[in-house]
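Step one of this worksheet: look at the structure below.
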Amino acid sequence: MSSNKINTDNIEFIGDNHIATNISTPLRTDAFKKSDDEKIANIQIHFQKIMEELGLDITDDSLSGTPYRVAKMYVKELFYGLNPKNKPKLSTFDNKYGYKKILIEQNITLDSSCEHHFLPITGFAHVAYIPEDRVIGLSKLNRLVDYYAHRPQVQERLCLQILTDLQDTLKTKSVIVMVNAKHLCVSSRGIKDKNSFTTSLEHGGLFEEKTYRDEFLNAINYDLR
Ligand SMILES: Nc1nc2c(ncn2[C@@H]2O[C@H](COP(=O)(O)OP(=O)(O)OP(=O)(O)O)[C@@H](O)[C@H]2O)c(=O)[nH]1
Ligand SMILES: [Zn+2]
């Protein structure tokens, strides 16, 4: 095998071990053996090669820092959510006040990356649940969305990862997640459709019933027609 061909023979895939395999992000078993600093150093070398291959003069003042900048951005920012050690602490509380109706966190800013093109996905997530015995700090819902968004993603998987994690954390199936997002791979290249956006909706428990779903959709002012 030539040196620039990726050897996939010994790549094994693992995922988030707390959720079903089919919705896990495909990861190598050695995904976190290297430190962030080692990964940044290696990605820097690879990205410099990409720039050189494109014909760019890497010694130019403006370009010389780009390989390191991109490598750091990948590991520490855009894809920080790949590493379980970065998962936010989702502290929950006893539902002492006995709140049993819908709780909605809407317009959660969403910044993600498309795993097919490594281009941005931007939009909003709307998350709601109907508590049983546990409730959660509001900001934790935003933090969880941010965590799963900061991986190479497809929107369907992102929606499901948020849903199943919240169902586990809140110990209730009654969770609903909607993502409305623009994919730059659709709007800025390829078909270049500037107007279309993508909606995904996943739910369980009481939200399987239209009445509860409608309550959520009305509250976020969304018309699914
Ligand atoms: N289902 C799904 N598809 C996505 C998502 N993000 C990007 N895609 C699609 O992934 C597909 C990849 O298809 P390919 O035909 O291999 O790639 P391509 O030649 O760049 O396709 P075009 O975008 O049509 O030019 C494209 O249709 C993308 O629009 C996502 O979140 N979910
Ligand atoms: Zn894409």
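Start at 1 with the first residue, then count along the sequence. Just follow the structure's listing: the first ligand is 1, and inside any ligand the first atom is 1.
Taking a distance limit of 4.0 Å, we find that atom 15 (O) of ligand 1 is approached by no protein heavy atom. The presence of a protein heavy atom under 4.0 Å from atom 27 (O) of ligand 1 is ruled out. Within a 4.0 Å radius of atom 20 (O) of ligand 1, the protein contributes one or more non-hydrogen atoms. Counting protein heavy atoms under 4.0 angstrom from atom 6 (N) of ligand 1 gives one or more. By the definition of a contact as any protein heavy atom under 4.0 Å away, atom 23 (O) of ligand 1 is in contact.
A donor-acceptor pair shorter than 3.5 Å cannot be found between the side chains of D37 and S35. T25 and Q161 share a side-chain donor-acceptor pair at under 3.5 Å. Under the 3.5 Å distance criterion, with hydrogens and angles disregarded, no donor-acceptor pair is assigned to the side chains of E77 and H150. Counting only N and O atoms by type, the side chains of Q48 and E52 include a donor and acceptor under 3.5 Å apart. In this structure, a donor-acceptor pair under 3.5 Å is present between the side chains of Y80 and D146.
In this structure, the side chain of R134 engages the main chain of T92 through a donor-acceptor pair within 3.5 Å. Judged by distance alone, with hydrogens and angles left aside, the side-chain atoms of R143 form no donor-acceptor pair with the main-chain N or O of P88 at under 3.5 Å. When atom types are taken as modelled, the side chain of R151 and the backbone of F79 share no donor-acceptor pair closer than 3.5 angstrom.
Residue-environment remark: NZ (K89) stays at or below the threshold of 12 foreign heavy atoms within 6.0 Å.
Among protein heavy atoms, atom 32 (N) of ligand 1 sits closest to E156 OE1, 2.8 Å. Atom 29 (O) of ligand 1 has V186 CG2, 3.8 Å as its closest protein atom, hydrogens excluded (heavy atom only).
Within the 4.0 Å heavy-atom criterion, the part of H183 lying near ligand 1 is the side chain and not the backbone.
Of all protein N/O/S atoms, those lying under 2.8 Å from the Zn ion (ligand 2) come to 3.
Atoms of ligand 1 found under 4.0 Å from any heavy atom of H116, numbered from 1 in the order shown, are 4 (C), 7 (C), 8 (N), 9 (C), 10 (O). Taking every non-hydrogen atom of Q155 and a distance limit under 4.0 Å, the qualifying atoms of ligand 1 come out as 30 (C), 31 (O). Atoms of ligand 1 lying under 4.0 Å from at least one heavy atom of C185, given by number and element, are 7 (C).
Hydrophobic cluster membership of V154, counting Ile, Leu, Val, Met, Phe, Trp and Tyr whose side-chain heavy atoms lie under 4.5 Å apart directly or via other members: none, as it forms a cluster of its own.
Using a 4.0 Å heavy-atom cutoff, R189 is listed among the residues neighbouring ligand 1. Using a non-hydrogen distance threshold of 4.0 Å, H117 registers as a contact of ligand 1.
Considering CD of E215 and CD of E209, their distance stands at 11.5 Å, rounded to 0.5 Å.
H183 pairs in a side chain to side chain donor-acceptor pair (under 3.5 Å) with only one of the listed residues (Q155, H116, H117), which is Q155.
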